[in-house]
A.B. asks: 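What follows is a single structure, and I will ask about it in a moment.
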Amino acid sequence: MGTRLRNIDVTGLRLRYIDAKGEVVGRLAAQLSKILQGKDKPSYAPNKDSGDVCIVVNASKVELTGKKWKQKEYVWHTGYMGGLKKKSVQDVFDKKPEDVLWRAVNGMLPKNNLRRYRMRKLRIFPEDYIPEYASMHPLVPWEMPERKLRDRGKGFTLPQGALPMNPEAYMRRMKSSPKYETAKERYLRGEFDAPEEEVVIAGTPPEGWTPKTWEEEGEKKRKEDEAARKK
């Protein structure tokens, strides 16, 4: 990436200084695309290039989730017969680490005439670096916002006497909750009295339980609701 801001009017714009160390490529690219479009400003207009300049450092220390380092590929065609080309993300990262993040941001911007001008305001450096134009324009540090994850509690409540159809998947969903450790400690101390809570935490049915299908529980619940409405 260039170390100078040539032919870029920075009047009224901020130079956002972003540390990409330990950040996931896709999540960081989504935030960078918003800044480049100016969506974080009240004066945002889709037909205007009012986004700030983004200076990203430590691009060689980004992360990819799952098995993307081995499975993700960039595919393109030369236009000639048999010209289908492929390149793994690991090969691109080894040759030019900042290119992985650049491709992600470029793909998230709207495909119009403004994308070229917006991408010119993105400066990515593989290591920790402060460009020379930082002495003329103050840098504004930017931090990744916290993820807004939905708290699943202790999983969904099971009907009385029912068992999960897929216990392993049910336990994985329940363990994804931040309240799991607290609930587990309460279970080990013997503070749970309701059988369904014991199933949620321990994953095993209490003594005396017999498996019941979801249809039986649903039919029983429907009859109870009908009886309550008639009263």
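Predicted model, so just to flag it, every value in this text is computed and none were measured.
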A.B. asks: Where do K87 and D91 come nearest, in terms of heavy atoms and distance?
C.D. replies: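 Taking every non-hydrogen atom into account, CG-CB, 4.1 Å.
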
A.B. asks: Indicate the atoms forming the closest heavy-atom contact of A59 with I124, along with that distance.
C.D. replies: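 Heavy-atom minimum between the residues: CB-CG2, 3.4 Å.
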
A.B. asks: Looking at every non-hydrogen atom in both residues, tell me the closest pair between V92 and Y74 and how far apart they are.
C.D. replies: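 Nearest heavy atoms, V92 then Y74: CG2-CD1, 3.7 Å.
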
A.B. asks: Around D225, counting heavy atoms of other residues, nucleotides and ligands shown, do more than 12 lie under 6.0 Å from its CG?
C.D. replies: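 Yes, because the 6.0 Å sphere around CG of D225 holds more than 12 heavy atoms from other groups.
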
A.B. asks: More than 12 heavy atoms of other residues, nucleotides or ligands under 6.0 Å from OH of Y117: is that the case?
C.D. replies: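 No, not enclosed.
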
A.B. asks: Within the supplied structure, the quantity of interest is the number of heavy atoms (other residues, nucleotides, ligands) at a distance under 6.0 Å from K41 NZ; does it exceed 12?
C.D. replies: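 Atom NZ in K41 is crowded, with more than 12 foreign heavy atoms closer than 6.0 Å.
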
A.B. asks: Rounded to the nearest 0.5 Å, how far does CD1 of I35 lie from CH2 of W142?
C.D. replies: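 Separation between the atoms: 5.0 Å.
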
A.B. asks: Are L122 and V105 packed together at the side-chain level, in the sense that at least one heavy-atom pair is separated by less than 4.5 angstrom?
C.D. replies: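 They are in side-chain contact.
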
A.B. asks: Just so I know, are the side chains of W102 and M119 near enough to count as touching, which here means a heavy-atom distance under 4.5 Å?
C.D. replies: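 Side-chain contact under 4.5 Å: yes.
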
A.B. asks: Are the side chains of V56 and L32 in contact, using a 4.5 Å heavy-atom criterion?
C.D. replies: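 Yes. Closest side-chain heavy atoms under 4.5 Å.
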
A.B. asks: Rounded to the nearest 0.5 Å, what separates atom SG in C54 from atom CD in Q31?
C.D. replies: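 The CD atom of Q31 is 10.5 Å from SG of C54, to the nearest 0.5 Å.
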
A.B. asks: Report yes or no: do Y17 and V140 belong to one cluster of Ile/Leu/Val/Met/Phe/Trp/Tyr joined by side chain heavy-atom distances under 4.5 Å?
C.D. replies: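 No.
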
A.B. asks: Flag yes if L114 and I8 sit in one hydrophobic cluster, no otherwise; membership is Ile, Leu, Val, Met, Phe, Trp, Tyr, and two members link when side-chain heavy atoms are under 4.5 Å apart.
C.D. replies: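 Looking at the clustering, I8 is in a separate group from L114.
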
A.B. asks: With the side chain counted from C-beta on, respond yes when E98 and F125 share a heavy-atom pair under 4.5 Å apart, and no when they do not.
C.D. replies: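 Sidechains of F125 and E98: no contact.
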
A.B. asks: Working to the nearest 0.5 Å, report the span between NZ of K39 and NZ of K34.
C.D. replies: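 With rounding to 0.5 Å, NZ (K39) is 7.5 Å from NZ (K34).
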
A.B. asks: Does the side chain of F93 come within less than 4.5 Å of L101's, by heavy atoms?
C.D. replies: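 Result no, sub-4.5 Å side-chain heavy-atom pair not found.
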
A.B. asks: Where do D49 and K121 land on the side-chain contact (heavy atoms from CB on, under 4.5 Å) test, with the steps shown first?
C.D. replies: CA-CA 10 Å; D49 183 20; K121 294 189 292 185; 2.9 Å; yes

A.B. asks: Cluster question for you: counting only ILVMFWY and a side-chain heavy-atom cut-off of under 4.5 Å, with indirect links fine, are L64 and L28 together?
C.D. replies: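 In one cluster: yes.
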
A.B. asks: Within a radius of less than 6.0 Å around NZ of K85, do more than 12 heavy atoms belonging to other residues, nucleotides or ligands occur?
C.D. replies: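 Not more than 12 within 6.0 Å, no.
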
A.B. asks: Same cluster or not: M144 versus L36, using hydrophobic residues (I, L, V, M, F, W, Y) connected whenever any side-chain heavy atoms lie under 4.5 Å apart?
C.D. replies: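 Yes.
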
A.B. asks: Can you tell if the side chain of P110 reaches within under 4.5 Å of the side chain of R118, non-hydrogen atoms only?
C.D. replies: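 Yes, their side chains come closer than 4.5 Å.
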
A.B. asks: For V89 and V100, what are the C-alpha separation, side-chain angles and deciding distance, and is it a side-chain contact (heavy atoms from CB on, under 4.5 Å)?
C.D. replies: CA-CA 7 Å; V89 65; V100 175; 3.9 Å; yes

A.B. asks: With side chains defined as the heavy atoms from C-beta onward, is the minimum distance between V53 and R16 less than 4.5 Å?
C.D. replies: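 V53 vs R16: side chains apart.
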
A.B. asks: Does a side chain donor of either E127 or S60 reach within less than 3.5 Å of an acceptor in the other side chain?
C.D. replies: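 S60 and E127 do have a side-chain donor-acceptor pair below 3.5 Å.
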
A.B. asks: Using every non-hydrogen atom in the two residues, find where P131 and I55 come nearest and quote the distance to one decimal.
C.D. replies: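 Heavy atoms of P131 and I55 come nearest at CG-CD1, 4.1 Å.
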
A.B. asks: Looking only at non-hydrogen atoms, find the nearest pair between L15 and P138 and report the distance.
C.D. replies: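 Minimum heavy-atom separation between L15 and P138: CB-O, 3.8 Å.
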
A.B. asks: Can you confirm whether the side chains of D128 and N58 place a donor and an acceptor under 3.5 Å from each other?
C.D. replies: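 Distance-only check fails for D128 and N58.
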
A.B. asks: Looking at CG of N113 and CG of N47, how far apart are the two atoms once the value is rounded to the nearest 0.5 Å?
C.D. replies: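 Nearest 0.5 Å value for the CG-CG distance: 12.0 Å.
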
A.B. asks: Atom NZ of K111 and atom CG of L109: how far apart are they, to the nearest 0.5 Å?
C.D. replies: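 That separation rounds to 7.5 Å.
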
A.B. asks: Any side-chain heavy atom of L139 sitting closer than 4.5 Å to one from R14?
C.D. replies: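 A side-chain contact under 4.5 Å is absent here.
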
A.B. asks: Is E224 atom CD crowded by more than 12 heavy atoms from other residues, nucleotides or ligands, each under 6.0 Å away?
C.D. replies: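 Yes.
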
A.B. asks: Measure the OG-CD distance between S50 and Q37 for me, rounded to the nearest 0.5 Å.
C.D. replies: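 So the gap between those two atoms works out to 9.5 Å.
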
